[in-house]
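Along the sequence shown, residues are numbered consecutively beginning with 1.
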Amino acid sequence: MSDLLGFILSHEDAFRKNRLPSLYSDFALQKNTNPDGYAVNVVAWEKALTNAARTGHVTAHNFPTKKRDHLVLVVDENLLHRLKSPEWGRPVALASVFDEAIQKRNMIPLEVYKSNNFSLSTSRWRVLDPGVLSPWSVMNWSLRQLRGLVVGTENGSGKIRTQILVLVDNLKEAAKQVLHVQGGQKASALDRIYSKERFTDTFSTVLGDDTELSDNDMQALLIYLSRDINAISYDGKTVKFHTGNDKSPITPEDTTIAHMRDLISTLTEQVSRLEQKINELNYSAKKALANRNRISALSAIKNKKIAEHNLTQRANTLHQLEEVYNKIEQSADQIEIVRIMQASTGVLRNLHAQMGGIETVGDVVENLREEMSKVDEVGNIINEAGPVIDEGEIDGELDALETKELREREEAEAKATRQRLAQLEAHEQAAQEAARLAEESKAAETMEDIDSELAKSIGQLSTMSLNDLKATEREEKLETKQPMPAE
């Protein structure tokens with residue numbers, strides 16, 4: 001099993017074991033008899049191939065470089081071989097999948113996408129001029145494929161055709177990530193300019209750090225950014241990102257700036273490599289001296305001197321280029337500032353024109369003051385035209401209101417005082433009643449104790465014998481010193 005098929009089986013829910021017989025069958029025959037089942041299988045294959053391409057699995061992992069097809073799909077016998085199932089063989093109806101995807105514009109032949117009269121902004125296929133394609137492409141596709149409209153397979157024969165298809169969903173996602181990365185850099189006017197090579201190096205890993213976009217991917221991405229969403233200007237060599245205010249085409253100055261940035265980047269890498277080489281040669285010379293190998297030490301020192309000379313030259317050149325670049329960047333920023341100031345001047349001029357100038361504003365303010373004074377005069381006149389009121393009558397009414405308010409307040413205070421006194425009397429009576437009940441309760445308890453003691457004594461007397469009574473009498477008499485009676 002190939003890595004592509006393994007990825008699809010492990011990541012796509014539609015490729016469950018019980019669904020594989022249907023997906024690998026010739027379900028194209030069901031287009032009219034079972035349209036729902038046909039549509040489900042088409043969507044499952046289209047989604048699986050698109051997702052596999054987005055992660056770089058449509059290209060064999062034994063490819064010599066990290067570059068993988070993410071935005072395009074190479075349809076050929078190798079793709080069918082990599083999708084071959086040990087149990088169900090090759091997918092028979094895959095040609096119908098590509099037919100439907102092309103008709104829905106989810107997949108677009110790369111040669112058609114690169115043509116000048118094609119645009120994703122249109123919802124339907126337009127008539128294509130076969131002349132926009134190369135003779136080889138026309139031969140490869142054959143005139144039967146164009147027929148005014150682009151179709152997927154040759155007259156519905158079901159035979160798969162070798163071609164490269166642009167995966168529109170992946171293309172849009174890659175463009176979104178590129179704009180996100182560029183927008184997050186808070187770039188200056190010069191930082192928005194790239195050579196094609198530098199653009200490729202910078203944004204080749206937008207869909208994952210493990211792989212890079214292929215050459216076909218990058219070609220489709222640049223076309224989409226420049227033609228379909230107008231996010232960049234691109235002339236085949238230089239790329240310039242647009243901003244809200246600047247959507248100008250590529251200029252010779254932009255091309256020069258892009259080359260200068262590439263040269264600065266190259267010199268920086270060379271300086272870093274030379275510094276590393278000098279350190280290695282210095283270490284080799286010391287090691288050779290430690291081993292008493294004078295010839296190797298001299299050779300290392302000689303190479304070190306050459307590397308130091310080259311380092312000095314490149315460092316000086318790099319310094320000069322960076323200084324020039326900084327001046328250009330400063331000048332570009334100044335141009336932007338001047339442009340904004342000019343635009344601001346125009347805005348202020350238009351606003352002042354709408355106001356009519358200083359004299360007009362002065363007249364408006366003067367007229368406003370005059371009208372406000374008229375309002376005050378009208379108010380005074382209205383007040384003068386009002387009824388005449390006797391001031392003495394007003395004072396008498398005011399005194400009567402005050403007397404009435406004072407009387408009501410005193411009555412309210414007296415009523416509140418009476419209520420408080422009544423509450424105090426009630427509390428005092430409650431306290432006296434509680435004390436009386438407590439005394440009665442205490443007296444009752446005392447009587448109960450006396451009755452209890454008396455009952456106890458009577459009980460003891462009833463149980464005493466006659467001798468005990470006599471003995472008791474004798475003791476009492478002895479205590480009182482009285483003579484005992486004769487028995």
Inset, instruction - May I have the step-by-step check of side chain to side chain donor-acceptor pair (under 3.5 Å) for His309 and Gln313, ending in yes or no? - result: CA-CA 6 Å; His309 177 71; Gln313 289 182 334; 3.1 Å; yes
Inset, instruction - State, yes or no, whether a side-chain contact exists between Gln270 and Leu318 at a heavy-atom distance under 4.5 Å. - result: no
Legend entry - Expected output: side-chain Asn282 to main-chain Ile278 donor-acceptor under 3.5 Å: no
Inset, instruction - Without swapping roles, check the side chain of Arg82 against the backbone of Val58 for a donor-acceptor pair under 3.5 Å. - result: yes
Inset, instruction - List the steps, then state whether side chain to side chain donor-acceptor pair (under 3.5 Å) holds for Ser195 with His259. - result: CA-CA 7 Å; Ser195 66; His259 290 167; over 6 Å; no
Inset, instruction - Inspect the contact between Glu308 and Lys277 and indicate whether a charged nitrogen and a carboxylate oxygen are less than 4.0 angstrom apart. - result: no
Legend entry - Taking every non-hydrogen atom, the tightest pair across Asn106 and Glu46: ND2-OE2, 2.8 Å
Legend entry - Polar side-chain atom of Asn34 near backbone of Gln30 as donor-acceptor pair, under 3.5 Å: no
Legend entry - For the student: nearest non-hydrogen atoms of Thr59 and Asp69, plus distance: OG1-N, 3.0 Å
Legend entry - Heavy-atom side-chain contact between Val74 and Leu165 under 4.5 Å: no
Inset, instruction - Evaluate side chain to side chain donor-acceptor pair (under 3.5 Å) for Asp262 paired with Ser265, printing each intermediate quantity in order. - result: CA-CA 5 Å; Asp262 287 349; Ser265 178; over 6 Å; no
All N/O donor-acceptor pairs, side-chain side in residues 233-240, below 3.5 Å, sequence neighbours left out:
{"unit_1": "Ser233", "atom_1": "OG", "unit_2": "His242", "atom_2": "NE2", "d": "2.5"}
{"unit_1": "Ser233", "atom_1": "OG", "unit_2": "Ser248", "atom_2": "O", "d": "2.9"}
{"unit_1": "Tyr234", "atom_1": "OH", "unit_2": "Gly236", "atom_2": "O", "d": "3.4"}
{"unit_1": "Asp235", "atom_1": "OD1", "unit_2": "Lys237", "atom_2": "N", "d": "3.0"}
{"unit_1": "Asp235", "atom_1": "OD1", "unit_2": "Thr238", "atom_2": "N", "d": "2.8"}
{"unit_1": "Thr238", "atom_1": "OG1", "unit_2": "Thr255", "atom_2": "OG1", "d": "3.4"}
{"unit_1": "Lys240", "atom_1": "NZ", "unit_2": "Ser248", "atom_2": "OG", "d": "2.8"}
{"unit_1": "Lys240", "atom_1": "NZ", "unit_2": "Pro249", "atom_2": "O", "d": "3.3"}
{"unit_1": "Lys240", "atom_1": "NZ", "unit_2": "Asp254", "atom_2": "OD2", "d": "3.0"}

Inset, instruction - Please indicate whether Asn350 has more than 12 foreign heavy atoms, meaning atoms of other residues, nucleotides or ligands, lying under 6.0 Å from its CG. - result: yes
Inset, instruction - Decide if atom NZ of Lys84 counts as having more than 12 heavy atoms of other residues, nucleotides or ligands within a radius under 6.0 Å. - result: no
Legend entry - Any Val166 side-chain heavy atom under 4.5 Å of Met107 side chain: no
Inset, instruction - Verify whether the ring centers belonging to Phe241 and Tyr194 lie closer than 6.0 Å. - result: yes
Inset, instruction - Could you pull out the closest heavy-atom pair between Pro35 and Asn32, with the gap in Å? - result: CD-O, 3.9 Å
Legend entry - Any Leu213 side-chain heavy atom under 4.5 Å of Val206 side chain: yes
Legend entry - NZ or CZ of Arg198 within 45° of Phe203 ring axis and under 6.0 Å: no
Inset, instruction - Write down the atom of Ile193, the atom of Arg261, and the distance for their closest heavy-atom approach. - result: O-NH1, 2.5 Å
Do any side-chain atoms of residues 16-26 form donor-acceptor pairs under 3.5 angstrom with protein atoms, and if so which ones, sequence neighbours left out?
{"unit_1": "Arg16", "atom_1": "NH1", "unit_2": "Asp13", "atom_2": "O", "d": "3.1"}
{"unit_1": "Arg19", "atom_1": "NH1", "unit_2": "Asn41", "atom_2": "OD1", "d": "3.4"}
{"unit_1": "Arg19", "atom_1": "NH2", "unit_2": "Asn41", "atom_2": "OD1", "d": "2.7"}
{"unit_1": "Ser22", "atom_1": "OG", "unit_2": "Asn41", "atom_2": "ND2", "d": "3.1"}
{"unit_1": "Tyr24", "atom_1": "OH", "unit_2": "Leu83", "atom_2": "O", "d": "2.7"}
{"unit_1": "Ser25", "atom_1": "OG", "unit_2": "Ser22", "atom_2": "O", "d": "2.7"}

Inset, instruction - Determine, for Lys374 against Glu377, whether the closest basic-nitrogen to carboxylate-oxygen distance falls under 4.0 angstrom. - result: no
Legend entry - Side chain to side chain, Glu322 and Ile264, heavy atoms closer than 4.5 Å: yes
Inset, instruction - Answer yes or no: is there a donor N or O on one side and an acceptor on the other, between the side chain of Ser331 and the main chain of Lys327, under 3.5 Å? - result: no
Inset, instruction - Taking all heavy atoms of Asp217 and all of His70, pick out the closest pair and write down the distance. - result: OD2-N, 2.6 Å
Legend entry - Salt-bridge criterion met for Glu212 and Arg68 (N-O under 4.0 Å): no
Inset, instruction - Output yes when a side-chain donor or acceptor of Asn310 lies under 3.5 Å from a complementary backbone atom of Ala307, and no otherwise. - result: no
Inset, instruction - To the nearest 0.5 angstrom, please state how far the CD atom of Glu197 sits from the OG1 atom of Thr202. - result: 11.0 Å
Inset, instruction - On the 0 to 90° scale, with breaks at 30° and 60°, tag the His11-Phe7 ring pair as parallel, tilted or perpendicular. - result: parallel
Legend entry - Donor-acceptor pair, side chain of Ser272 and main chain of Thr268, under 3.5 angstrom: no
Inset, instruction - Would you indicate whether the side-chain heavy atoms of Leu167 and Leu71 approach each other to under 4.5 Å? - result: no
Inset, instruction - May I ask you to test the Leu49-Phe98 pair for a side-chain heavy-atom distance under 4.5 Å? - result: yes
Legend entry - Over 12 foreign heavy atoms within 6.0 Å of CG, Leu401: yes
Inset, instruction - Report yes or no: does Ser373 contribute a side-chain atom to a donor-acceptor pair with the main-chain N or O of Glu370 at less than 3.5 Å? - result: yes
Inset, instruction - Locate the shortest heavy-atom distance separating Arg227 from Ser115; write the atom from each residue and the value. - result: NH1-O, 3.0 Å
Legend entry - Results of salt bridge (Lys or Arg N to Asp or Glu O under 4.0 Å) for Lys31 - residues two or more places apart only: Glu100
Legend entry - Asn291 side chain vs Lys287 backbone, donor-acceptor pair below 3.5 Å: yes
Legend entry - Distance, nearest 0.5 Å, that separates CG of Asp228 from NZ of Lys172: 9.0 Å
Inset, instruction - Could you tell me whether a side-chain N or O of Thr55 sits under 3.5 Å from a main-chain N or O of Ala52, the two making a donor and an acceptor? - result: yes
Inset, instruction - Answer yes or no: is there a donor N or O on one side and an acceptor on the other, between the side chain of Ser226 and the main chain of Leu222, under 3.5 Å? - result: yes
Inset, instruction - Compare all side-chain heavy atoms of Glu329 with those of Asp191 and state whether any distance is below 4.5 angstrom. - result: yes
